[in-house]
Amino acid sequence: MSSTDKNLSEFSTNDLPDISGRTFAIVVAEWNHEVTEKLFDGAYQTLVDYGAKPENIIRANVPGSYELSFGAQVFARKQNVDAVIALGCVIQGETKHNDYINHAVAQGLTQVSLECHKPVVFGVLTPNTQEQALDRAGGKHGNKGDEAAMTAIKMLKLV
Ligand SMILES: Nc1c(NC[C@H](O)[C@H](O)[C@H](O)CO)[nH]c(=O)[nH]c1=O
Ligand SMILES: CC(=O)[C@@H](O)COP(=O)(O)O
């Protein structure tokens, strides 16, 4: 499906769970921080807008997206954390390095989620260019951070 001129962050907000007592951990990759900070801002604001208490939102940084899996596991194993949101941006370079990172972090986050029986949300941009990244971090295609936060909220209906 083409993304041309689409806001990819449009989502239903019907029948959402009460998250006023829920705790969220947001793990943020520092690589491409000018993008990941925008993802964090979107995720944080979405959680607060839909009822999360600021004091129940934990943030931790990791160097790069490859480290998101370990950072997510640290928080997913904590009994007081209800959901983890992993945010990163892996921009294609000259080699296949981005492919290895993207596959590793997608697989790693899935493994953590299943191992810990807890929602762990993949909020990692995998753009070809910086422009594509910014378009999805509060630009014309929405904010992947908003989407990731809403995904975490909706998954808490299951647990
Ligand atoms: N090139 C990008 C990276 N590279 C760093 C890796 O994520 C990792 O920190 C390193 O391989 C050491 O383990 N990370 C991003 O998040 N985005 C990139 O574009
Ligand atoms: C995606 C990355 O790891 C980034 O450093 C680009 O690396 P390269 O140009 O060496 O593929």
Side-chain angles (χ1 to χ4, degrees), residues 1-14 16 19 24-52 54 57-76 81 83-114 116 118-157:
M1 174 184 74
S2 165
S3 302
T4 307
D5 301 327
K6 277 188 180 297
N7 178 351
L8 304 174
S9 298
E10 292 178 349
F11 39 69
S12 164
T13 58
N14 299 325
L16 296 178
I19 61 169
F24 298 85
I26 306 178
V27 186
V28 185
E30 294 171 343
W31 257 82
N32 298 312
H33 61 87
E34 67 279 8
V35 176
T36 61
E37 285 306 316
K38 294 176 185 288
L39 297 178
F40 172 79
D41 291 345
Y44 180 91
Q45 196 57 54
T46 298
L47 292 175
V48 171
D49 287 349
Y50 286 93
I57 301 173
I58 304 164
R59 172 177 174 161
N61 291 352
V62 293
S65 292
Y66 183 83
E67 284 74 36
L68 286 171
S69 299
F70 184 80
Q73 186 184 59
V74 167
F75 289 98
V81 172
V84 180
I85 297 165
L87 302 175
C89 176
V90 182
I91 300 177
Q92 183 173 332
E94 295 177 353
T95 71
K96 293 180 180 177
H97 196 212
N98 64 295
D99 288 336
Y100 286 91
I101 297 169
N102 292 333
H103 288 300
V105 69
Q107 183 61 39
L109 293 176
T110 300
Q111 183 179 338
V112 170
S113 183
L114 297 176
C116 298
K118 195 163 289 182
V120 175
V121 178
F122 181 82
V124 181
L125 293 174
T126 58
N128 297 311
T129 65
Q130 176 90 349
E131 179 183 10
Q132 286 181 356
L134 293 170
D135 285 345
R136 292 158 176 80
K140 67 181 180 181
H141 291 316
N143 191 320
K144 189 67 72 181
D146 297 20
E147 298 168 42
M150 185 51 65
T151 297
I153 293 169
K154 291 183 175 182
M155 288 302 289
L156 289 178
K157 289 168 62 177

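- Within the structure, no pair that satisfies the salt bridge (charged side-chain N to carboxylate O under 4.0 Å, His left out) test touches residues 130-139, not counting sequence neighbours.
- Nearest heavy-atom pair, Ser69 versus Val112, reported as atom, atom and distance to 0.1 Å: O-CG2, 3.6 Å.
- Listed by first and then second residue, the side chain to side chain donor-acceptor pair (under 3.5 Å) pairs involving residues 142-153 are Ser9-Glu147, Lys144-Glu147 (not counting sequence neighbours).
- Taken to the nearest 0.5 Å, the CD1 atom of Ile58 stands 11.5 Å off from the CD1 atom of Ile85.
- For Glu67, the salt bridge (Lys or Arg N to Asp or Glu O under 4.0 Å) test picks out no residue, with sequence neighbours left out.
- Taking CD of Gln111 as the start and SG of Cys116 as the end, the distance is 9.5 Å to the nearest 0.5 Å.
- Ala83 is linked by a side chain to side chain contact (heavy atoms under 4.5 Å, CB included) to Phe24, Pro119, Ala152, Leu156, counting only residues two or more places apart in sequence or in another chain.
- From Leu87, atom CG reaches atom CG of Leu68 across 7.5 Å, with rounding to the nearest 0.5 Å.
- Residue pairs meeting the side chain to side chain donor-acceptor pair (under 3.5 Å) criterion with at least one partner in residues 39-51, sequence neighbours excluded, are Gln45-Asp49.
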For residues 25-36, run the donor-acceptor check on the side chains, cut-off 3.5 Å, and write out each pair with its distance to 0.1 Å, sequence neighbours left out.
residue: Asn32; atom: ND2; partner: Cys89; partner atom: O; Å: 2.7
residue: Glu34; atom: OE2; partner: Gln130; partner atom: NE2; Å: 2.9
residue: Thr36; atom: OG1; partner: Ala29; partner atom: O; Å: 2.9

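- The two residues Val120 and Ala72 make their nearest non-hydrogen contact at CG1-CB, 4.0 Å.
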Let me have the donor-acceptor pairs involving side chains of residues 92-103, under 3.5 Å, with sequence neighbours excluded, atom names and distances please.
residue: Thr95; atom: OG1; partner: His97; partner atom: N; Å: 3.2
residue: Asn102; atom: ND2; partner: Asn98; partner atom: O; Å: 3.1

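- Between the CD1 atom in Ile19 and the CD1 atom in Ile153 there is a gap of 4.0 Å [rounded to 0.5 Å].
- Contacts of Lys38 classified as side chain to side chain contact (heavy atoms under 4.5 Å, CB included), with partners at least two apart in sequence or in another chain: Leu134, Ala137.
- Here the side chains of Phe122 and Thr110 are not in contact, with every heavy-atom distance at 4.5 Å or above.
- By the salt bridge (Lys or Arg N to Asp or Glu O under 4.0 Å) test, Glu37 pairs with Arg59, sequence neighbours left out.
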